[in-house]
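Everything on this sheet refers to the single structure shown next.
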Amino acid sequence: MTSVLPAETATSSAPAKVRAGSRRAKRRRTVFYFMAPATLGFLIFFGYPLIATIYYSFTRYDLINPPQWIGFDNYVRMFTSEPLVKTAAYNTLWLVIILTICRVLFSLGVASVISRLKSGVGLVRTLCYLPALAPPAAATLAFVFVFNPQFGPVNRFLHLVGIDGGLWFNSPVMSKPSLTLLALWGSGELMIIILAALLDVPAEQYEAAELDGAGPVRRFWHVTLPSISPVLLFGVVNSMIYALQFFTQAIVAASASAGTADVAGNSKLIGAPENSTLTYPIWLYVQGFRYFNMGYAAAMAVLLFIVSAAFTWVLVRQLRKSQHQEEGA
Amino acid sequence: MTTISAPATKPAPVPPRVQFRRRWDRRLGFIATHAIGIALGVIFVLPLLFVFLTAVMKSDQAMTSSLWPTEWHFENFVEVFRKAPLLEYFGNSLLYSALATIGALVSAIPAAYGLAKLKWRGQNLFFMLTVAAMMLPPQVTVVPLYDLWVRMGLTGTLVPLIVPYFFFDAFSIFLLRQFFLTIPKDYLEAAKIDGCNEFRAMTRVLLPMARPGIAATAMFCFLFTWNDYFGPLLYTGENQDNWPLSLAIASFRGMHHVEWNLTMAATALIMAPVIVLFVFAQKSFVKGITFTGVKG
């Protein structure tokens, strides 16, 4: 770009100006052709439904009869008279907090072990990443089997070392921790992102810190952490959003551990045991697409939007900051 | 052969006792980290191994707590296909994933090019909106979208799952943009000076250079759609003929709820394509993932 422009501004005669104008129009057309399909798609499949969701949240709508304006009734019902939405919100909040903390710390731990390996890095990295690729529905079935209280391998191993294994997915107390374990098993993606960041920390900084007499703990605290903190923040926000939309694993685990799995989901099995795995997105799905309370589901979606938008905003801001730093450098 | 001279500043001499201790610390550290590394690798793979081992057991052995099959029944993998129309589900999955991946590439390549290589007002806003669309849970927009597809009479088919990819797939746009940014602008400038327009510059110069990035994006899109459960549950849930594997596998146990061995055989079969894909294309996968981090 810069190589062309100066020559043109040098000859600032009238025809050149016209040409520059038509060039700008041509440029604008080029941008239009490149961006039009994506913009159209964005508006139809993202912009419109986002706004329409807000409208529907003020209506009663069952897909058959036209939406009927009821003001804030859906929200009032959500916050006062419907107990299961609170259970669902509590379960999701539990996952957002506990799962996020565990996922980030666990990924950081595994990544820092892998980053220290002198040989076999590729192999170990592959093995740790493999479960993250498995389809969540299949991975959940595998996990429910492995953690089966009666004949699952985990409890059998625990029995060998003299520990009574838990009920895992079959107990309302253990079901969410079990889901968390399942999520940790599949968190290979975050591990690889953190691993890449760890390997990017300049070796000279470690050497300098070592010469200054810093031990491994101090080196981790003063050298490693500051330089990977943007990636850790990404991990936190990413995990929170992951937990916020926790759906497949919870719905499959509930029905698989309860004995029968039914895809369109036997309503009685959803959230089993005792609604302990009923997450917010699952209840939204049940309200909207099983009970056809579309307006109520939309109100739940609005709340989900507000919370996840807040998380996303943090990430986007961080992204912008790191971009500015790059441009400035 | 020329010898390389030693560094100018010699480090201060370290007493032999300290040297000895340090060497042992290093060795212990080496052994400890490698032991933990191996243990981690084993722990991560064990559940997959148990799936496989159970898949080849006799059905009554699968109901006991034994870990190792006494007899190896590899025909269980065939039996699964007799019990459920897995091939049809496989076909549906393939149709969904392949078409969605093609669609995502067709729509995301120009958009990512526009974001990475053109300059225009509103560019930053568009990029931020793309990131937002990528991050927001699908449940946020699902009510009006479902309504839309019901009115078009297309629920029960795979159309609502595939068509959006031909217009806008936030993750593909984001990932491709990250890859395109790494390709120096000079090549495109040279092509344009030689008389190429933007479109030719993209197809003839940038795309061949960005081939690994495009491959990685395609694989992620394929993986995501192959693994997708929520979308198919929503749109094809009523119509079993159009179920992809992910839905079928979850209901498989419902149909044969005592036969853990067959359930695990089916589970292994649905995981297999993904694992094969990964083994063959590990490098681009890893590169793609690190690009999704905040670095770009």
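Because the structure is a prediction, the values reported are computed rather than measured. The figures here come from the full heavy-atom set of this structure, side chains too, leaving out hydrogens, waters and symmetry mates. First the proteins, then the strands, lettered A, B, ... as listed; each starts at 1.
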*Kindly give the heavy-atom pair with the smallest separation between Ala309(A) and Leu136(B), and that separation in Å.*
N-CD2, 3.9 Å
*In terms of ring plane angle, is the pair Phe157(A) and Phe50(B) parallel, tilted or perpendicular, where the classes change at 30° and 60°?*
tilted
*Tell me, do Phe167(B) and Thr39(A) make a side-chain contact under 4.5 Å, heavy atoms counted?*
no
*asked:* To check you understand the geometry: which heavy-atom pair defines the closest contact between Val143(B) and Ala297(A), and what is its length?
replied: CG2-CB, 3.9 Å
*Side chain from CB out, backbone as N, CA, C, O: work out which of these in Phe147(A) comes under 4.5 Å of a heavy atom of chain B, or both, or neither.*
neither
*Name the region of Phe289(A), side chain, backbone, both or neither, that has any atom closer than 4.5 Å to a heavy atom of chain B.*
side chain
*For Phe220(B), is it the side chain, the backbone, both, or neither that has a heavy atom closer than 4.5 Å to a heavy atom of chain A?*
side chain
*Plane angle bin for Phe34(A) and Phe199(B) - parallel if under 30°, tilted between 30 and 60°, otherwise perpendicular*: tilted
_For Met135(B) versus Ile241(A), what's the shortest heavy-atom pair and its separation?_
O-CG2, 3.1 Å
*Begin with the C-alpha distance, continue with both residues' side-chain angles, and end with the deciding distance and a verdict on side-chain contact (heavy atoms from CB on, under 4.5 Å) for Phe44(B) and Met191(A).*
CA-CA 13 Å; Phe44(B) 270 90; Met191(A) 284 170 210; 3.3 Å; yes
_Is Leu223(B) in contact with chain A via its backbone, its side chain, both, or neither, using a 4.5 Å heavy-atom distance?_
side chain
*Based on non-hydrogen pairs under 4.5 Å, which of Gly41(B), Ala32(B), Pro137(B) is most in contact with chain A?*
Pro137(B)
_Out of Leu123(A), Leu130(A), Thr30(A), return the one with the most heavy atom pairs under 4.5 angstrom to chain B._
Leu130(A)
*Quick one: are Gln123(B) and Val31(A) in side-chain contact, heavy atoms under 4.5 Å?*
no
*Who in residues 114-121 of chain A is close to chain B, using a strict under-4.5 Å heavy-atom cut-off?*
Arg116(A), Leu117(A), Lys118(A), Ser119(A)
*Check whether any side-chain heavy atom of Tyr229(B) lies under 4.5 Å from a side-chain heavy atom of Val252(A), and answer yes or no.*
yes
*Contact leader toward chain B among Pro281(A), Ala196(A), Pro216(A), where contacts are heavy-atom pairs under 4.5 Å*: Pro281(A)
*Report the C-alpha separation of Tyr33(A) and Glu198(B) in whole Å, then their side-chain angles, then the decisive distance to 0.1 Å, and conclude whether the side-chain contact (heavy atoms from CB on, under 4.5 Å) test is met.*
CA-CA 10 Å; Tyr33(A) 289 138; Glu198(B) 290 286 353; over 6 Å; no
*Given the options Asp228(B), Thr33(B), Val51(B), which has more heavy-atom pairs under 4.5 Å with chain A than any of the others?*
Thr33(B)
*How about Tyr129(A) and Phe278(B): are their ring centres within less than 6.0 Å of each other?*
yes
*Using non-hydrogen atoms only, which part of Thr140(A) is less than 4.5 Å away from chain B: side chain, backbone, both, or neither?*
neither
*Relative to chain B, which segment of Arg125(A) carries a heavy atom at a distance below 4.5 Å: side chain, backbone, both, or neither?*
side chain
*Under 4.5 Å heavy-atom distance to chain A, tell me which part of Met202(B) shows up: side chain, backbone, both or neither.*
side chain
*Given that the side chain runs from C-beta out, which part of Phe224(B) has a heavy atom under 4.5 Å from chain A: side chain, backbone, both or neither?*
neither
*Side chain, backbone, both or neither of Met240(A) within contact of chain B (heavy atoms, under 4.5 Å)*: neither
*Please flag which part of Leu277(B) lies under 4.5 Å from any non-hydrogen atom of chain A: side chain, backbone, both or neither.*
neither
*Determine whether Pro135(A) and Met271(B) make a side-chain contact, defined as any pair of heavy atoms from C-beta on separated by less than 4.5 Å.*
yes
*What part of Phe45(A) lies closer than 4.5 angstrom to a heavy atom of chain B: side chain, backbone, both or neither?*
both
_Between Val142(B), Ile173(B), Val150(B), the one whose heavy-atom pairs under 4.5 Å with chain A are most numerous_ = Val142(B)
*Interface residue of largest heavy-atom contact number with chain A, from Ile36(B), Leu234(B), Val131(B), under 4.5 Å*: Leu234(B)
*Could you tell me which of Ala38(A), Ala301(A), Ala137(A), Pro136(A) has the largest number of non-hydrogen atom pairs under 4.5 Å with chain B?*
Ala38(A)
_Treating Trp120(B) as the side-chain partner and Arg28(A) as the backbone partner, does any N or O pair qualify as donor plus acceptor under 3.5 Å?_
no
*asked:* Less than 4.5 Å to any heavy atom of chain A: does that hold for the side chain of Phe30(B), its backbone, both, or neither?
replied: side chain
*For chain B, find which of Thr312(A), Asn148(A), Val302(A) contributes the most heavy-atom pairs closer than 4.5 angstrom.*
Thr312(A)
*Taking Asn227(B) for its side chain and Leu133(A) for its backbone only, find out whether a donor-acceptor pair lies under 3.5 Å.*
yes
*Contact part of Tyr48(A) toward chain B, heavy-atom cut-off under 4.5 Å: side chain, backbone, both or neither?*
side chain
_In the structure I gave you, are the side-chain heavy atoms of Asp147(B) and Leu63(A) within less than 4.5 Å of one another anywhere?_
yes
*Who wins among Tyr242(A), Phe145(A), Tyr280(A) for the most heavy-atom pairs under 4.5 Å with chain B?*
Phe145(A)
*For Arg121(B), is it the side chain, the backbone, both or neither that has a heavy atom under 4.5 Å from a heavy atom of chain A?*
neither
*asked:* Between Trp185(A), Tyr56(A), Trp313(A), who has the most heavy-atom pairs with chain B when the cutoff is under 4.5 Å?
replied: Trp185(A)
*Does the side chain of Pro138(B) come within less than 4.5 Å of Gln245(A)'s, by heavy atoms?*
yes
_Per-residue contact mode, Ile51(A) against chain B (heavy atom under 4.5 angstrom)_ = neither
_Toward chain B, the part of Val146(A) with a non-hydrogen atom under 4.5 Å_ = side chain
*For the residue pair Met264(B) and Leu141(A), what are the closest heavy atoms and their distance?*
CE-O, 3.7 Å
*Largest heavy-atom contact set with chain A, pairs under 4.5 Å, which of Gly114(B), Pro47(B), Ala108(B)*: Pro47(B)
*asked:* Ring-plane angle category for Phe42(A) and Phe168(B), please: parallel below 30°, perpendicular beyond 60°, tilted otherwise.
replied: perpendicular
*Taking every non-hydrogen atom, the tightest pair across Ile289(B) and Glu189(A)*: CG2-O, 3.5 Å
*At what distance, to the nearest 0.5 angstrom, does CG of Leu127(A) lie from CD1 of Ile38(B)?*
10.5 Å
